[in-house]
Amino acid sequence: MRIFAVLILLASTIPFTVAQQNDTPDTSTENAKQAAAKKEKAKTHAATPDKTAENAKPAEAPKSDGEATDKEEHYDVTEVPPVVTHHQLALNGKNLSYTATTGRLPIKREDGKIEAEMFFVAYTLDGQDAGKRPLTFAFNGGPGSASVWLHMGALGPKRVVLQANGFMPAAPYRLEDNPDTLLDRSDIVMVDAMSTGYSRAATAELTKKFLGLKGDVQAFGEFIRLYLSRYDRWSSPLFLLGESYGTTRAAGLSGYLTDHGIAFNGVTLLSMAVDFSTLEWNHQNDLPYTLLVPTFYMIAGYHHKLSPDVTQDVARTRDEVVRWANNDYALALSKGDALSPDEHRKIVEQLSRYIGLRPEVIEAHNMRIDVPTFGHELLLDQKLVSGRLDGRFTSPNPGDQPFYDPTSAAILPPYTSAFNNYLRTELNYKSDMPYRVFAYDQPGFRTWDWGQSAEEGFPSTAGGLRSAMIKNPYMKVLVMEGYYDLATPFSAANWTMDHLDLDAKYRQNVSYGTYNAGHMVYIDRAEHDKMKKDLVNFMEKCLGQ
């Protein structure tokens, strides 16, 4: 199903770059002495939490014919205390003292048996009343991406150093204090989805339980419930922040947890992918073609591929393009072969004028331009392809990937390298397991279970979001969208929110933040500053301040 390719945070064609470590065999001859040693090790770790966190190390059953089968592979999910470290951050002329808690929380059956563990890093400001301090659970998406991007790009106390516009710097990569961290306003819990980061299910068979829309929401729901219990945060104001497929999860979680007695003050949807009928184009669904056009316009204008008359006032013309795409263009596509030759010619000419592609290219694609076509054709005269996650990024095609995205290639090495070093040297969390920035090569992600909504048409968690908003009329929603994002176009997000079937009472709880950026709005420093201000204003509104 091509839906999977639509919403992954970073292109699925990226090779898995973190070096795999040799797993420790789990032999069937482990005796009482070894078990006692393991128990003693856990005690030692509890007494000195800043030491090596080997609890995440995977183990395999004895291999046959040189390889273990999926059902033989399993991981040690024995609970080990988290690693706790203490830090300081200079922010707006003040020194903030905070605590980082790094580890894994168990996902248990009703009988208490641990089926999996989810990796997290929590940042809490010292000297605060935990019962009154806001708490934000944040995660990236994929499905199949760890939350390193939001963690080290947007919310955490440290961020990866990129060029000011978000482009890749020269190696070696480094971190800096994050002036736009959310920590001064809220405690933060960064969570990695199952099979990403250091999150693992006990066996390959159990992993399948979590690799689907429903299982993923339930796992995060149980993580949040247990975190609130273990860290005495049930009375804290609660927030969710998801990016990309993380918005799919956040929308579903808001409804799921409301029905389980956990209500949120606010939900932030960054680069929204909640209703996939707005994102998945095919012969039966023309809607995404119309919703892509305004973003095509923004990217074509950025690369000087449009005439001066349509770029003189970008905001005004952008609104004009949105209206045209939702009306004239959508009507033309709906007519199909019944469209008259004169109508056809006018649509082709206007679309070419708005998106910068040659009329013959538009003709060749039956007036329906998808993302790969646009990225390939826009800068063909310069032998460059433009980015999917951020259309401002360009690069020659290296030739080894059919749908190469220059954005993904630019940010993967800095984030991977800097975060692995940060875990070990600053958070003091050390493991021989690979930290999976992506898990697309792992069994199950190519057969992600999209559930009943996919069988009925397209996956969607819009119903869960609507349910939460109605059942909890105090919950507010912030939609954040980048104008150069082709993975989750801003018009698609707006369409989704306009079709939740909400009356004015509930619609007033929805606000928007727009950015001259792509999918990851925070990699651009100026837009990251604006993102922080928008988050602060949103939280204050949610808390009635």
Side-chain angles (χ1 to χ4, degrees), residues 9 85 87 89-92 96 98-102 118-125 128 133-141 145-162 166 175-193 196-197 220 223-224 227 233 236-247 249-250 253 264-272 411 414-415 418-419 422-423 426-427 437 478-480 482 513 515 517 519-540 542:
L9 173 63
T85 53
H87 311 266
L89 170 70
L91 188 65
N92 298 324
L96 300 182
Y98 65 93
T99 298
T101 303
T102 308
M118 294 181 72
F119 181 74
F120 73 98
V121 180
Y123 298 103
T124 55
L125 200 62
Q128 304 294 307
R133 173 85 169 152
L135 179 64
T136 299
F137 293 94
F139 34 76
N140 281 96
S145 173
S147 297
V148 60
W149 316 102
L150 279 173
H151 190 165
M152 307 306 294
L155 304 178
K158 299 286 185 179
R159 71 179 178 186
V160 176
V161 176
L162 302 174
L175 299 175
E176 64 183 359
D177 286 347
N178 181 6
D180 292 316
T181 179
L182 195 59
L183 186 56
D184 60 332
R185 299 289 180 154
S186 170
D187 291 340
I188 308 163
V189 185
M190 301 301 312
V191 193
D192 286 336
T196 74
F220 272 82
F223 175 93
I224 290 172
Y227 186 92
R233 301 303 297 262
S236 296
L238 299 178
F239 293 84
L240 286 177
L241 195 159
E243 178 180 349
S244 196
Y245 184 83
T247 67
R249 179 184 299 127
L253 261 177
F264 292 92
N265 297 77
V267 176
T268 299
L269 305 173
L270 169 61
S271 302
M272 202 167 111
I411 60 179
Y415 276 81
F419 185 64
Y422 173 67
L423 274 177
E426 294 197 42
L427 299 185
V437 174
L478 172 61
V479 179
M480 292 181 154
Y515 306 91
H519 195 73
M520 304 164 71
V521 304
Y522 43 84
I523 66 174
D524 185 306
R525 289 180 186 172
E527 300 308 294
H528 192 191
D529 292 344
K530 182 178 184 299
M531 177 183 173
K532 169 63 182 294
K533 292 176 183 177
D534 289 345
L535 280 173
V536 170
N537 291 337
F538 175 65
M539 295 185 75
E540 289 178 348
C542 291

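Because only heavy atoms are used, hydrogens play no part in the values below, and waters and symmetry mates are left out as well, while side chains stay in. Sequential numbering from 1 along the given sequence is applied to the chain's residues.
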Is it true that Asp187 and Arg233 have a side-chain N and a carboxylate O under 4.0 angstrom from each other?
yes
Using a strict threshold of under 4.0 Å (side-chain N to carboxylate O), is an ion pair present between Lys532 and Asp184?
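Salt bridge flag = yes for Lys532 with Asp184.
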Side chains of [X] and [Y]: does their closest heavy-atom pair fall under 4.5 Å?
X      : Y      : result
Phe223 : Phe137 : yes
Met480 : Thr268 : yes
Arg249 : Leu240 : no
Met531 : Leu270 : yes

Is Lys158 positioned over the aromatic face of Tyr422, cation under 6.0 angstrom from the ring centre and no more than 45 degrees off axis?
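No.
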Does any donor atom in the side chain of Thr136 or Ser186 lie under 3.5 Å from an acceptor atom in the other side chain?
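The answer is yes; a qualifying pair exists.
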Under 3.5 Å side-chain donor-acceptor pair for His151 and Tyr123:
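Yes, side-chain donor-acceptor contact under 3.5 Å.
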From the options Arg159, Lys530, Glu527, Glu243, select the one residue that forms a side-chain hydrogen bond (donor to acceptor under 3.5 Å, both in side chains) with Tyr522.
Glu243
Please name all residues satisfying ring pair (Phe, Tyr, Trp, His ring centres under 6.0 Å) with Phe239, sequence neighbours left out, ordered by chain then number.
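By the ring pair (Phe, Tyr, Trp, His ring centres under 6.0 Å) rule, Phe239 matches no residue at all.
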Non-neighbouring partners of Asp529 that pass salt bridge (charged side-chain N to carboxylate O under 4.0 Å, His left out), sequence neighbours left out:
none
Evaluate the ring planes of His87 and Tyr98, with Trp represented by its six-membered ring, and classify them as parallel (under 30°), tilted (30 to 60°) or perpendicular (over 60°).
parallel
